[in-house]
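Bear in mind the structure is a predicted one, so any value in this text is a computation, not a measurement. Just so you know, residue 1 is the first one in the sequence shown, and it goes up from there.
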Amino acid sequence: MDSRIDHVKSSQPLIEAVGLQKSLGSRPVLIDVTLTVNAGEIVGLLGPNGAGKTTTLSILAALLEPDAGSVRIAGLNIGQCGARLGPLLGFLPQSLALYPSLSSHQNVHLFARASGLSSKDAATQGAQALEAVGLSERKHDPVWTLSGGMKRRLNLACAMAHHPRVLLLDEPTVGVDPQSRESIFGLVRRLADDGIGVLYSTHYMEEVERMCDRAVLIDRGRVVADGTVQQIIALGGHRPRIAISLDDLPPPGWCDGITDVRELGRSVGGNALTVEFANFSAIGQILETIELSGCRPVSFAVHSPNLSDAFMALTGRALRDDSGEPPEA
């Protein structure tokens with residue numbers, strides 16, 4: 001895809017949502033959601049199913065009106081910009097939005113025209129988008145003949161063919177094969193490097209850790225954290241820990257002489273314990289001290305704090321817990 005996207009980074013966010021609130025009947029879905037996305041930035045909107053992610057993206061895409069709050073896309077209030085919003089915004093919905101009987105090229109051309117491109121530009125940029133997602137050789141094939149991963153990539157091509165300034169991605173890798181997943185990751189990163197602002201909604205913690213510049217954690221309709229991955233992990237208050245299996249357990253207080261090391265707990269009915277530490281250089285001293293106490297470590301595993309730990313600490317439940325609520329609108 002030609003680098004026709006020449007959006008200079010500025011101090012004004014490309015996405016600016018302030019105080020979004022939305023209820024379905026008597027059930028609050030969003031409660032004072034505020035977030036921003038800058039040019040050239042990938043922001044992960046991370047939370048479990050039912051957290052409010054899809055509702056947030058639907059409001060940002062002007063598909064759903066909030067009960068309260070405001071949204072600006074590239075400086076324009078979406079409630080007032082009308083047809084001007086289409087060229088600025090690309091939206092990849094959670095459910096595939098394609099015409100099965102049309103070819104890949106016809107789908108991309110159709111969506112590009114709907115976003116304001118002329119027929120000539122839609123044809124040119126549609127071909128570029130298909131090349132970018134690796135589907136040029138399948139451009140004349142009906143969508144129904146494509147694999148699930150190819151359909152996801154085609155949907156992304158439809159969302160980006162008109163060279164938007166903002167890209168909203170709702171669970172873009174759900175159900176895709178590993179090759180398509182890697183392709184989507186690489187393409188999204190390149191688009192951000194070209195100056196697009198990307199909001200990447202997912203419940204896959206590892207995707208955010210791998211590719212997002214910043215993350216917004218959302219749970220039960222509320223933003224619980226906003227920052228870089230490392231900043232959010234630090235909010236969780238967790239330190240690295242090591243789980244050790246032994247031939248026998250050391251006596252209580254065995255680690256009292258090691259600076260910034262604390263035993264967190266012992267297994268019930270087994271010879272295993274978990275130890276928290278502040279510096280990875282302490283691992284050797286931990287194992288040596290255990291041996292000096294007369295016990296022999298059999299195996300151990302080190303766990304570094306991650307977003308899942310932070311989410312658990314901030315919300316009291318696991319990132320992938322099902323909320324028990326119906327799917328988001």
**Q** So, T173 and E207: side-chain donor and acceptor under 3.5 Å apart, yes or no?
**A**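 Indeed, the side chains of T173 and E207 share at least one donor-acceptor pair under 3.5 Å.
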**Q** Under a 4.5 Å side-chain heavy-atom rule over Ile, Leu, Val, Met, Phe, Trp and Tyr, are M150 and L92 clustered together?
**A** yes
**Q** Would you mind reporting whether L30 and V33 have side-chain heavy atoms less than 4.5 Å apart?
**A** yes
**Q** For V166 and L168, what are the C-alpha separation, side-chain angles and deciding distance, and is it a side chain to side chain contact (heavy atoms under 4.5 Å, CB included)?
**A** CA-CA 7 Å; V166 168; L168 306 176; 4.0 Å; yes
**Q** What heavy-atom pair brings S201 and P172 nearest, and what distance separates the two atoms?
**A** O-CD, 3.6 Å
**Q** Provide the closest heavy-atom pair for I242 versus F277 in the form atom of the first, atom of the second, distance.
**A** N-CE2, 3.8 Å
**Q** Looking only at heavy atoms, which two atoms of I218 and A51 are closest? And how far apart?
**A**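 What the structure gives for the nearest pair is O-CB, 3.5 Å.
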**Q** Anything under 30° is parallel, anything over 60° is perpendicular, the rest tilted; go ahead and classify H105 against H109.
**A** tilted
**Q** More than 12 heavy atoms of other residues, nucleotides or ligands under 6.0 Å from CD of E65: yes or no?
**A**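 At most 12 heavy atoms, drawn from other residues, nucleotides or ligands, come within 6.0 Å of this atom.
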**Q** Under 4.0 Å between a Lys/Arg side-chain N and an Asp/Glu carboxylate O for D32 and R222?
**A** no
**Q** Decide whether L63 and L199 are clustered together by the hydrophobic rule: side chain heavy atoms of Ile, Leu, Val, Met, Phe, Trp, Tyr closer than 4.5 Å, transitively.
**A** yes
**Q** Taking side chain as C-beta onward, heavy atoms only, is L89 less than 4.5 Å from P164?
**A**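 With C-beta onward as the side chain, the pair stays apart.
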**Q** Specify the closest pair of heavy atoms between L14 and A39, including all atoms of both residues, with the distance to one decimal.
**A**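 Taking every non-hydrogen atom into account, CD1-CA, 3.6 Å.
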**Q** List the steps, then state whether side chain to side chain contact (heavy atoms under 4.5 Å, CB included) holds for V223 with T34.
**A** CA-CA 7 Å; V223 172; T34 294; 6.0 Å; no
**Q** Do L314 and L217 come close enough that some side-chain heavy atom pair is under 4.5 Å?
**A**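 Side-chain contact under 4.5 Å: yes.
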**Q** Mark yes when over 12 heavy atoms from residues, nucleotides or ligands other than E291 sit less than 6.0 Å from its CD; otherwise mark no.
**A** yes
**Q** Just list the side-chain donor-acceptor pairs under 3.5 Å for residues 297-307, sequence neighbours left out, or say none.
**A**
from	atom 1	to	atom 2	distance (Å)
H303	NE2	D309	OD2	2.8
N306	OD1	S308	N	3.0
N306	OD1	D309	N	2.9

**Q** Supply the atom-to-atom distance S104 OG to K151 NZ, rounded to the nearest 0.5 angstrom.
**A**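 These two atoms lie 10.5 Å from each other.
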**Q** Considering residues at least two apart in sequence or located in another chain, which fulfil the side chain to side chain contact (heavy atoms under 4.5 Å, CB included) criterion with T274?
**A**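 R241, A243, L264.
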**Q** Looking only at side chains, do D121 and T124 share a donor and an acceptor under 3.5 Å apart?
**A** no
**Q** Here's a test for you: under side-chain hydrogen bond (donor to acceptor under 3.5 Å, both in side chains), which of T54, T202, T56 qualifies with D170?
**A**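 Going through the options one by one, the only one that passes is T54.
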**Q** Is there a side-chain contact between V261 and I286, using heavy atoms and a 4.5 Å cut-off?
**A** yes
**Q** List the residues meeting side chain to side chain donor-acceptor pair (under 3.5 Å) with T289, not counting sequence neighbours, and say none if there are none.
**A**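 Here no residue qualifies.
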**Q** Can you confirm whether V71 sits close enough to P66 that some side-chain heavy atom of one is under 4.5 Å from a side-chain heavy atom of the other?
**A** no
**Q** Cluster partners of V176, using ILVMFWY side-chain heavy atoms under 4.5 angstrom, listed by chain and number?
**A**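 Result for V176 is none, singleton.
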**Q** Look up atom CD in E41 and atom CD1 in I15, then write down how far apart they are to the nearest 0.5 Å.
**A** 9.5 Å
**Q** Please round to the nearest 0.5 Å and tell me the distance separating atom CG of N155 and atom CG of L146.
**A** 11.0 Å
**Q** Would R72 and I78 satisfy side chain to side chain contact (heavy atoms under 4.5 Å, CB included), going step by step from the backbone distance to the final call?
**A** CA-CA 6 Å; R72 297 178 72 85; I78 64 170; over 6 Å; no
**Q** Are V198 and V43 side-chain neighbours, meaning at least one heavy-atom pair lies under 4.5 Å?
**A** no
**Q** Measuring from atom CD1 of I59 to atom CD of Q21, what distance do you get when rounded to the nearest 0.5 angstrom?
**A** 10.0 Å
**Q** Compare every heavy atom of R189 with every heavy atom of G40, then report the nearest pair and how far apart it is.
**A** O-NH2, 3.7 Å
**Q** Just wondering, do P250 and L273 contact through their side chains at under 4.5 Å, heavy atoms?
**A** yes
**Q** State which residues pass side chain to side chain contact (heavy atoms under 4.5 Å, CB included) with T145; sequence neighbours excluded, sorted by chain then number.
**A** R138, D141, P142
**Q** Any side-chain heavy atom of M205 sitting closer than 4.5 Å to one from F311?
**A** no
**Q** Does a donor on one side chain and an acceptor on the other come within less than 3.5 Å for H162 and Q125?
**A**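 There is no such pair between these side chains.
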**Q** For A278, check side chain to side chain contact (heavy atoms under 4.5 Å, CB included) against everything at least two apart and list the hits.
**A** R239, D260
**Q** Under a single-linkage definition using a 4.5 Å side-chain heavy-atom cutoff for Ile, Leu, Val, Met, Phe, Trp and Tyr, are L96 and Y99 assigned to the same hydrophobic cluster?
**A**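 No, separate clusters.
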**Q** Using a 6.0 Å cut-off, check whether atom NZ of K139 has over 12 heavy atoms from anything other than its own residue.
**A**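 No - once you tally the heavy atoms of other residues, nucleotides and ligands closer than 6.0 Å, there are 12 at most.
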**Q** Measuring from atom CD of E209 to atom CG of L46, what distance do you get when rounded to the nearest 0.5 angstrom?
**A** 9.0 Å
**Q** Measure across G44 and V208 and return the closest heavy-atom pair with its distance rounded to 0.1 Å.
**A**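 Heavy-atom minimum between the residues: CA-CG2, 4.2 Å.
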**Q** How long is the straight-line distance from CD1 of I244 back to CG of L246, given to the nearest 0.5 Å?
**A**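 Output value for this atom pair is 6.0 Å.
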**Q** For R153, is there an ion pair with E131 - N to carboxylate O distance below 4.0 angstrom?
**A**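 A salt bridge is absent here (no side-chain N lies under 4.0 Å from a carboxylate O).
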